Number of protein chains: 2
Amino acid sequence: MTPLRVLLADDHTMLREGLRRSLAGHGIEIVGEANDGKAALDQAASLKPDVILMDVTMPILNGIDATRQIRRTVPGCAVVMLSMHGETEMRSQAAKAGAADYLVKDCSTDDIVAAIYKAAGMPPPETDSKVLTHREAEILQMIADGKGTSEAAAALFISLKTVKNHLASAYAKLDAADRTQAIVKAAKLGIINLDV
Amino acid sequence: MTPLRVLLADDHTMLREGLRRSLAGHGIEIVGEANDGKAALDQAASLKPDVILMDVTMPILNGIDATRQIRRTVPGCAVVMLSMHGETEMRSQAAKAGAADYLVKDCSTDDIVAAIYKAAGMPPPETDSKVLTHREAEILQMIADGKGTSEAAAALFISLKTVKNHLASAYAKLDAADRTQAIVKAAKLGIINLDV
DNA sequence: ACAATTTTGGGTCATTCGACCTATGTAGAA
DNA sequence: TTCTACATAGGTCGAATGACCCAAAATTGT
């Protein structure tokens, strides 16, 4: 019922925003973001997230060392490590530091979601909040970002009619009377994201 | 810059929601709500809010006793007491327990805001995010809550035209092209609230 | 008392929106 | 293969929306 509370720890803002977007709609709530290992440590203590998605290479304090300390000081937080490459060496170090999992950054969103739930000791919510199709959610997100119907159509290289159809379908599924309600409801469900 | 983190402790859900609404748009973030004194104690420790708005009469553990314990265990949290009545007796007990202020529940939102900032040792943000007039924000909130234009008009006993005018005015101030963008922007600014 | 702001109300206009309908191609599942 | 779901695209139609004007109470501040 209550969404998994996740902390993002990565020094790349762009990647964090991408993750924030990608993880929306999977019952995952991003409760905080950290730029470096030290910040991750602090936020882990104060926010007590269920899971921390932590990059290996970060300034000030690297992800491995941060994980080791977090596992000691905040044992309730599971840590999923992210890395650019899949070096065996790193994997074992991460495991030794107490990481629940180790992912390479080019894996799919579903992989990340699965790893997060596995780390939290929960099964992924399957069809849970997957009320909307990818396309519907994508278009709804663009509307929430301030694009108009025709702008969304242009950006996606599809017809205005198609955008309207997807929106209409989304409204029906969300039981929303208009796009404003749809945005609000989708945001509440975590299907789209109003941040950034 | 960063909003004041406030915890609401009151056993009346309705009053909490009202406060949540009222305090939006004053640079105040409601980080949690508690139903009773014990929950307030727990959440004060875990959330470490800047200020706690605490009712005097609550089940399990009353507000005065909860305040006393919180002031001892989480000295960083200032406590503003709320009461139905302004008994002198209570006031002095609250002060003795370490409350920063004591408000009667029929005071205005501005009074509460002022008390919260005073308790946090900060000046209220004056004209800060007061981009919209009360009426504009009120109507925008109703739209966000799923009401249509005419429903809002009916609820406020004013003309449909007036509602449209307020909305148009709000759009202009928020630099929003339509109501959806206006809702999103207003929510980001904390002027309205998408929760509840 | 006066000025400024807010709230209220009106009108017109083109544009957009959402409801309702059908239809095609492409997947994937049974 | 057949069936289902999805994405794509079109049409029509009435209603709602937003842009652009305007003005008069009511409130507030000075």
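Everything quoted here is computed from the prediction, not taken from an experiment.
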Mind listing the N/O atom pairs, protein and nucleotides 24-30 of chain C, below 3.5 Å?
none

Original post:
Mind checking which nucleotides bracket the chain B contacts on DNA chain D, 5' to 3', with an atom under 4.0 Å from a heavy atom?
Top reply: D:dT17 to D:dG18
Original post:
Minimum heavy-atom separation for A:Leu103 to A:Ile112, with atom names?
Top reply: CD1-CA, 3.8 Å
**OP:** When you get a sec, tell me which of C:dA19, C:dT8, C:dC21 is the closest nucleotide to the side chain of A:Asn165?
**Re:** C:dC21
**OP:** Could you please spell out the steps behind the side chain to side chain donor-acceptor pair (under 3.5 Å) verdict for A:Gln141 and A:Asp145?
**Re:** CA-CA 6 Å; A:Gln141 179 71 62; A:Asp145 288 341; 3.2 Å; yes
Original post:
Does B:Thr162 put a side-chain nitrogen or oxygen below 4.0 Å from OP1 or OP2 of C:dG10?
Top reply: no
Original post:
Between the side chain of A:Lys48 and the main-chain N/O of A:Ala45, is any donor-acceptor distance below 3.5 Å?
Top reply: yes
**OP:** For B:Arg16 and B:Asp10, work out which heavy atoms get closest and say how close.
**Re:** NH1-O, 2.7 Å
Subject >> DNA chain C: 5'-proximal contact among B:Val163 and A:Tyr171 (nearest heavy atom) >> reply: B:Val163
Original post:
Heavy-atom count around A:Lys38 NZ within 6.0 Å, excluding the residue itself: above 12?
Top reply: no
Subject >> Five-pair end axes of the helix from C:dA1-D:dT30 to C:dA30-D:dT1, angle between them (10°) >> reply: 60°
**OP:** Quick one: label B:Thr149 by what it contacts on the DNA or RNA (base, sugar-phosphate, nothing), any heavy atom closer than 4.0 Å.
**Re:** sugar-phosphate
